[in-house]
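Accompanying notes for the structure given below.
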There are 2 protein chains.
Amino acid sequence: MTEQTAPTTAAGEPPTARGEQTRQLILDTAMRLFQERGYARTTMRAIAQEAGVAVGNAYYYFGSKDHLIQEFYARAQLQHRAAAQPVLDRESEFAARLAGVLHAGIDVLTPSHDFAASFFKTAAEPTSPLSPFSAESSAPRRAAVDLFAEVLDGSTARVDAELRPHLPELLWLAYMGVVLYWVHDRSPQQTKTRRLIDGAVPLVDRLVGLSRLRVLRPVTRQVLDLIRTLRH
Amino acid sequence: MTEQTAPTTAAGEPPTARGEQTRQLILDTAMRLFQERGYARTTMRAIAQEAGVAVGNAYYYFGSKDHLIQEFYARAQLQHRAAAQPVLDRESEFAARLAGVLHAGIDVLTPSHDFAASFFKTAAEPTSPLSPFSAESSAPRRAAVDLFAEVLDGSTARVDAELRPHLPELLWLAYMGVVLYWVHDRSPQQTKTRRLIDGAVPLVDRLVGLSRLRVLRPVTRQVLDLIRTLRH
DNA sequence: CAACGAACTTGAACACGTTCAAGAAGGGCG
DNA sequence: CGCCCTTCTTGAACGTGTTCAAGTTCGTTG
């Protein structure tokens with residue numbers, strides 16, 4: 001009984017239909033309340049009450065209030081992927097594909113801006129399983145990195161051969177930077193984030209192109225060495 | 001009485017000697033306990049008890065548990081400045097000065113690594129006054145940016161004239177990136193962060209030098225345009 | 001010196017996230 | 001049907017950050 005049998009994370013799905021139904025009910029209620037009132041002002045008691053279950057029941061399915069967020073991640077990632085599809089189908093130029101995918105990501109997140117801002121801190125904590133760098137997040141992270149691999153693969157961009165395998169992850173990192181900026185973006189409709197994307201994408205595009213240039217060869221090499229060092 | 005007269009932030013110093021003494025006592029106790037037990041496991045009750053005051057008294061001086069952290073920032077900044085002085089006195093080359101200052105920053109933070117990791121999340125929250133981008137943090141931020149201005153001013157580096165005024169802030173941003181990496185760095189003694197600094201500094205040095213190069217002129221221009229756009 | 005008021009201090013009380021021992025539901029098996 | 005075991009559900013209770021009405025201290029002023 002000391003063993004943890006309950007599916008406290010998204011990893012373990014409830015084995016029965018009854019469980020799955022309750023789990024979804026709690027999750028939907030939580031997401032709705034988060035969007036309505038924000039993360040901090042949504043209490044676990046309120047979630048339980050609105051869902052018509054006991055407080056402890058929510059903890060049977062989700063290890064903590066924070067774990068509910070991980071579910072939000074997963075959903076957002078799926079929506080991002082879906083929203084990016086038309087762009088990937090339509091565009092063939094690297095810059096257009098990258099801009100489209102970045103904008104799609106922000107599109108998906110926009111309705112949750114206020115709520116995202118308040119939960120973002122949890123994601124930033126290194127010890128938290130919610131950190132995008134954590135082991136628990138490796139599945140969604142991989143999915144996200146894969147998305148940027150598609151951006152690159154489907155494009156006509158010519159990239160330095162050594163740089164290419166690392167580029168998807170670097171693009172994902174850049175996306176994390178955009179999200180970080182977006183979370184802090186207080187401009188109406190987060191228009192500044194849109195400008196950041198539109199300004200940064202041609203820059204990245206140009207840099208990627210220049211990576212094959214002779215003068216920059218040593219720099220490219222230096223960057224790759226650093227990446228390799230930091231990855232062990 | 002509904003008006004907030006208490007100095008809940010570092011901005012308002014207690015007007016009397018008695019107040020100042022109590023404030024320092026609470027602060028010192030809190031810092032000690034944070035280092036000993038970590039942030040999360042240090043309760044406000046424990047701080048108050050160890051300091052020999054009532055819980056509410058701590059809240060008279062510090063608006064919240066998080067506000068105690070802001071004080072930690074201020075102290076760390078001062079220590080960073082002091083630790084960087086010898087480097088600034090000794091070195092004249094840009095790369096050496098930058099590396100020295102970055103290492104000095106990590107030196108100062110190292111004893112607090114565990115504790116820093118747990119409080120970092122608070123800093124990441126956009127709505128929090130603790131965010132390094134917030135208005136409340138503008139004083140320490142300016143001090144930090146000034147430090148990097150010194151790194152540049154005292155150096156023999158030749159920098160693109162347009163880029164130069166923006167460079168201190170960009171270097172500070174890079175430093176924030178290093179700190180972000182450091183916080184997540186689980187390697188023993190955070191050696192990977194040291195390698196990151198040693199690897200990234202020559203890179204930055206080279207890029208700064210290349211900024212004056214003809215081929216890169218458009219890129220430099222593009223970066224500067226973007227920065228200006230994002231700053232309104 | 002006595003009265004006043006600002007500065008400071010107190011600790012009980014509140015709301016919230018979380019835990020856990022106890023029980024209910026449901027279904028497989030003899 | 002009766003038994004048993006897993007799955008699921010409950011809600012009281014705990015520890016925490018935070019608030020606040022009430023009290024104390026102490027320099028200033030008439």
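Every value quoted in this text rests on a predicted model; they were computed, and no experiment measured them. Proteins get letters first, then strands, A, B, ... in listed order; numbering begins at 1 in each.
Taking the centre and axis of the six-membered ring of Tyr39(A), the NZ or CZ atom of Lys65(A) falls inside the cone set by 45° and 6.0 Å.
Within the 4.5 Å cutoff, the side chain of Leu170(A) has heavy atoms near those of the Leu163(A) side chain.
In this structure, OG1 on Thr42(A) lies 8.0 Å from CD on Glu36(A), to the nearest 0.5 angstrom.
Ring geometry for Phe148(A) versus Tyr175(A): interplanar angle of 30 to 60°, hence tilted.
Here dG23(C) presents its C1' atom at 13 Å from CG of Asn57(A), a figure rounded to the nearest Å. Per the geometry, CD belonging to Gln21(A) stands 15 Å off C1' belonging to dT7(D), to the nearest Å. Taking atom OH of residue Tyr59(B) and atom P of nucleotide dA13(C), one finds them 18 Å apart after rounding to whole Å. Here the C1' atom of nucleotide dG17(C) and the OH atom of Tyr60(A) are 20 Å apart, to the nearest Å. The NZ-C1' distance, from Lys65(B) to dG17(D), rounds to 8 Å in whole Å. For the pair Tyr61(A) OH and dT18(C) C1', the computed distance is 18 Å after rounding to whole Å.
Among the heavy atoms of the strands lying under 4.0 Å from Val53(B) are primed sugar atoms or P, OP1, OP2 only; no base atom is included.
Taking a 4.0 Å limit (strictly below) on heavy-atom distances, residues 40-49 of chain B reaches DNA chain D at Thr42(B), Thr43(B), Met44(B), Arg45(B).
Side-chain nitrogen and oxygen atoms of Thr22(A) include none within less than 4.0 Å of the OP1 or OP2 phosphate oxygen of dC8(D).
Remark: Arg75(B) does not engage Glu71(B) in a salt bridge, criterion side-chain N to carboxylate O under 4.0 Å. Look at Arg228(A) and Asp225(A) and you find a salt bridge, because one of the NZ, NE, NH1 or NH2 atoms lies within 4.0 Å of a carboxylate O, short of that distance.
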